[in-house]
Amino acid sequence: MNKFGEFDLIEQYFKRPVPNSILGVGDDCALLPLTLGHKFAVSTDMLIEGRHFLPNTDPVSLGYKSLAVNLSDLAAMGAKPVGCTLALAIPEIDHDWLAGFASGFHDLSQTSKCYLIGGDTTRSLAGITISVTVIGEVRRNHALRRDNAKLGDDIWLSGDLGGAYIALQLALGNIAKDTKRYNLLKHYLEKPEPRLALGKNLVGVANSAIDISDGLLQDLGHILKSSSCGAEINLDKLPIANDIADMDKSLINEAILAGGDVYELCFTAKPRRREQIQAIAKKIGVPVHRIGTIVKGENCVVLDAQAQPVEFTQKGFDHFAI
Ligand code: ADP
Ligand code: MG
């Protein structure tokens, strides 16, 4: 019998049925239909063992998350998923790992209708590298971009903050072991929910949007730079994850302002959109909070409950800054 090789691996773990309009895994290229009047939204994110995930991470969660973090970028543009590709470098063929990874990936791929249409598979010299590219579509001139925040816009945020950061610090042993808390928080790390429905519904309503995967201050900073404006954020309006609210105040502030691995949307919109945004949030069942205002200037100022600026230096995650 022939040895189980690259093509058997692709066939067994990654080739899955796709809609008739798509040519998926198996040819030199995949073929996708183009919808008239739309543009493609394309984004790639890599996950590298030891940098983005810990060795021995549960493969089902990893499969889910490697697609989820990419879908979050489509959500932030208000794009609808169409398909994705997966480039995978693994040191060996480990069937248990592959089966788990593929099931996590395909489950989210099916529910989000972001079909796996191709990729590349290779042996790595050390560790696992996962690179996913997502393709979505958005009506021409209707994408939610970073460069269109306007003076006087409200700044909004979906979900809550700090959960992923504290979960990671617990996992790394940087905070005293607390298994109960870790178990309550680990879903932030393992099962972030891409806010696709929110992003889609904000098209034509929000002026700008970003997902805050590198932390609120850093990613809001990208909106400010692209849109040439400043922001005031109200610290007491930031939604803190329930299961960290009893922790040390300065740790909470660090977690909510700078903690990364958050797949929530930060978006800006005119004040006259407030009711409409609350109605959208209610309809799709995603909490949103108004956390500040777009102002003149170029910086983000964090204000405390007395409207005094809070000093804060650590901005967020930058792979080359450490
Ligand atoms: P080529 O040599 O033309 O690049 P490959 O032999 O690398 O093609 O891959 C064969 C087929 O399997 C292609 O359709 C490719 O897109 C797909 N494929 C390879 N690896 C993966 C993967 N990890 N997930 C999904 N599809 C994959
Ligand atoms: Mg190839």
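We count residues from 1, following the sequence as given. Keep in mind it's a predicted model, so treat the numbers as computed, not measured. Every number for a ligand or one of its atoms is a count from 1 in the order of the listing.
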Under 3.5 Å, is there a donor-acceptor pair linking the side chains of S226 and D147? no
Polar side chain donor-acceptor pair, S158 to E264, under 3.5 angstrom: yes
For Y13 and F4, take the angle between the two ring planes, folded into 0 to 90°, and tell me which bin it lands in: parallel under 30, tilted 30 to 60, perpendicular over 60. perpendicular
Is the ring pair F14/H106 parallel, tilted or perpendicular, if the boundaries are 30 and 60 degrees? tilted
Applying a 4.0 Å heavy-atom criterion (strictly less than), which segment of T121 is in contact with ligand 1: side chain, backbone, both, or neither? both
Within ligand 1, which atoms have a heavy atom of [X] less than 4.0 Å away?
X    : result
F14  : 23 (N), 24 (N), 25 (C)
D28  : 3 (O)
G118 : 16 (O), 24 (N), 25 (C), 26 (N), 27 (C)
F7   : 6 (O)

Give yes or no for whether the N/O distance cutoff of 3.5 Å, strictly under, is met between G24 and ligand 1. no
Distance-only N or O hit between ligand 1 and L86, under 3.5 Å: yes
Take V205 and N201 through the side chain to side chain contact (heavy atoms under 4.5 Å, CB included) test and state the conclusion after the steps. CA-CA 8 Å; V205 177; N201 278 275; over 6 Å; no
Check: of D27, L23, V25, D120, min heavy-atom distance to atom 13 (C) of ligand 1 comes from D27
Does a sphere of radius 6.0 Å around CD in Q278 hold more than 12 heavy atoms from other residues, nucleotides or ligands, not counting ones at 6.0 Å or beyond? yes
